[in-house]
Amino acid sequence: MIHRWRMRRRLADWLDDSLTEREREGLHRHLERCHGCAAEIRLVEEADGLLRGAYPAPAAPQPEVAQRVFRAAVERSGVLRRARRWRALGICSLLTFAAAAGVVRSTGSGTPETLRAALQATPAEIPVPGVRPAAISPTAPERLARVSLPAADAAPPAAPHRRPRSARRAAVRSRRPAAEPATRSAPAPVLSEHLASAEPPAAVPHLLVVVTASPSSPDGEDAENSLSDEGIGYARAWSIEEVAPGEMILKEATVASPGAETRLLLVALPAQPPVEALPGPGPADPEMREMEDDDD
Amino acid sequence: MESLYSARWQRVDARAGEQTWLVKARQGEPWALERFYAEYHAPVYTLCYRMLGRQEDAEDAMQAAFIRAFRDLPRFRGDSALKTWLYRIAVNEALSLRRRRRDALPFEDQDASVNDDSELLIESLAVRRALHRLTAEQRAILVLQFWEGLTGPEIAEVLGLTLPAVKMRLYRARIEFRKQYEEER
């Protein structure tokens, strides 16, 4: 049985002219001995002769038939309706985008109202040093913060210049105080770290962090807390609201304030532990924290 | 075929090849769909006729094939040739029609009314009758090989088979055809 199946495969290959010279010679030797295979191959060759050219092409369908079939195919496939729908959708999107751009431009002349309108949040007072009260939205899906900007005299942000991740991380590390205990200004280096790694641990709650783009700190903090090497300028992080673990919010907005246009970058990052328990540059091991507390 | 939508495709045709109008056909441009249909409706009709053996059925299968082709054209990624893709649709539609009308498909002796008893005509009719007695899949593979002139890999693509499977099925279909032809004679 297996022999027969193999021989049929070999014969099929022979008909397809895909045998090697050696295989072909072997097959011919077999056909001289095996009358069953020889009879079968004769049948196949006769069928080939009958099938070649014995079935002329039918006349092409009449033009009216061809047109009727075409109309029916177009109608029943819905291809034109679908194309019209997509075109209409594209035009609507374009018009909506153009209209939205026009509204932002017309209302964005120098006040935080532009950002307020854009982010659609409900007010909530948040104490932020150097920044007027901001608000969060408990209903907005991305829970974005709204801030009023103090940067009336702020210069435009520096042009972005991205270095490789390892270089950025090294730069952040080199600017970090060696064994400085945690202070109020600690969140910014931690923010830099997370911006560099871009992989916040999912096990801790998240905070909403706002990075402003003013070139210098409004309250005169030193460059340790800035993200200038990220091409952003001054960075400040503060707790506004916890968001779900693993949630990542990244959004940019442009606000026109008097004299300068300022870009905001809204990022959700892991929550900081209480300021007193910030681990500094060392490992975030609880035992290590206890040892540091003992040292203090 | 007289143009239904515009004569634009006839001007485009003079300058550009398939890739030009195919892009527009995928976007649902009427003139490009018409160009696509004008290019392929005759071969699709011939294929369907040879598989089904009746003019009305061939027209129905062709219509069903183009409905499906127009609907699926935006998803055609060009992994295979357009002709192979369309033949695959047409073969599937013809097989589907054949299954639905299994009992209502007598062989149509189109040339039987011609007063000609030449050996060639008799042989031709015997070949068609023998073909009609094969299974639809066997007939499809023989039609694609012997009259549509497709290569083994193309047949494999149209029928969704591997190349060795195509060779074996071709081999068996030939033997079966030869037996049926002997009975018809």
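Quick note on labels: first sequence line is chain A, next is B, and so on, each numbered from 1. Since this is a predicted model, take the numbers as computed values, not measurements.
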### Task
Find the distance between CG (A:Asp13) and OH (B:Tyr171) and round it off to the nearest 0.5 Å.
11.0 Å

### Message
Tell me whether the count of non-hydrogen atoms from other residues, nucleotides or ligands lying under 6.0 Å of CZ in B:Arg169 goes above 12.
### Response
no

### Query
Between CD of A:Gln67 and NE2 of B:His41, what distance do you get to the nearest 0.5 Å?
9.5 Å

### Query
What part of B:Phe177 lies closer than 4.5 angstrom to a heavy atom of chain A: side chain, backbone, both or neither?
side chain

### Query
Taking atom CD of A:Glu46 and atom CD1 of B:Ile175, what is their separation to the nearest 0.5 Å?
11.5 Å

### Task
Begin with the C-alpha distance, continue with both residues' side-chain angles, and end with the deciding distance and a verdict on side chain to side chain contact (heavy atoms under 4.5 Å, CB included) for A:Phe70 and B:Phe36.
CA-CA 10 Å; A:Phe70 178 65; B:Phe36 170 49; over 6 Å; no

### Task
Using side-chain contact (heavy atoms from CB on, under 4.5 Å) as the criterion, list what pairs up with B:Pro153, not counting sequence neighbours.
B:Thr151, B:Leu163

### Query
So how far is it from A:Arg52 CZ to B:Gln145 CD, rounded to the nearest 0.5 Å?
7.0 Å

### Task
Using a heavy-atom cutoff of under 4.5 Å, enumerate the residues of residues 72-82 of chain B that contact chain A, numbered in order, or state 'none'.
B:Pro74

#### Entry: Toward chain A: residues of residues 133-140 of chain B with heavy atoms under 4.5 Å
none

### Query
Hey, does the side chain of B:Arg71 reach the backbone of A:Arg76 with a donor-acceptor pair shorter than 3.5 angstrom?
yes

### Donor-acceptor contact present, side-chain B:Trp147 to main-chain A:Leu51, <3.5 Å
yes

### Query
Taking C-beta and beyond as the side chain, do A:Arg9 and B:Lys167 meet within less than 4.5 Å on heavy atoms?
no

### Message
A side-chain contact here means heavy atoms from C-beta on lying under 4.5 Å apart; do A:Val74 and B:Pro30 qualify?
### Response
no

### Summary
In short, B:Ile67 meets A:Ser77 closest at the heavy-atom pair O-CB, 3.3 Å

### Query
With a 4.5 angstrom heavy-atom cut-off, which part of B:Leu47 approaches chain A: side chain, backbone, both or neither?
neither

### Task
Write down the atom of A:Leu50, the atom of B:Glu123, and the distance for their closest heavy-atom approach.
CD2-OE2, 3.7 Å

### Query
Which answer fits B:Phe66, side chain, backbone, both or neither, if we ask what part of it has an atom under 4.5 Å from a heavy atom of chain A?
both

### Side chain, backbone, both or neither of B:Leu142 within contact of chain A (heavy atoms, under 4.5 Å)
side chain

### Message
Test your reading of the model: is there a side-chain donor-acceptor pair from B:Tyr37 to the backbone of A:Ala66, 3.5 Å cut-off?
### Response
yes

#### Entry: Residues of residues 15-33 of chain A within contact distance of chain B, non-hydrogen under 4.5 Å
A:Leu15, A:Asp16, A:Ser18

#### Entry: Residues B:Arg174 and A:Glu45 bridged, charged N to O under 4.0 Å
no

### Message
Ignoring hydrogens, what is the shortest heavy-atom contact between B:Tyr45 and A:Ala59? Give both atom names and the distance.
### Response
CE2-O, 3.3 Å

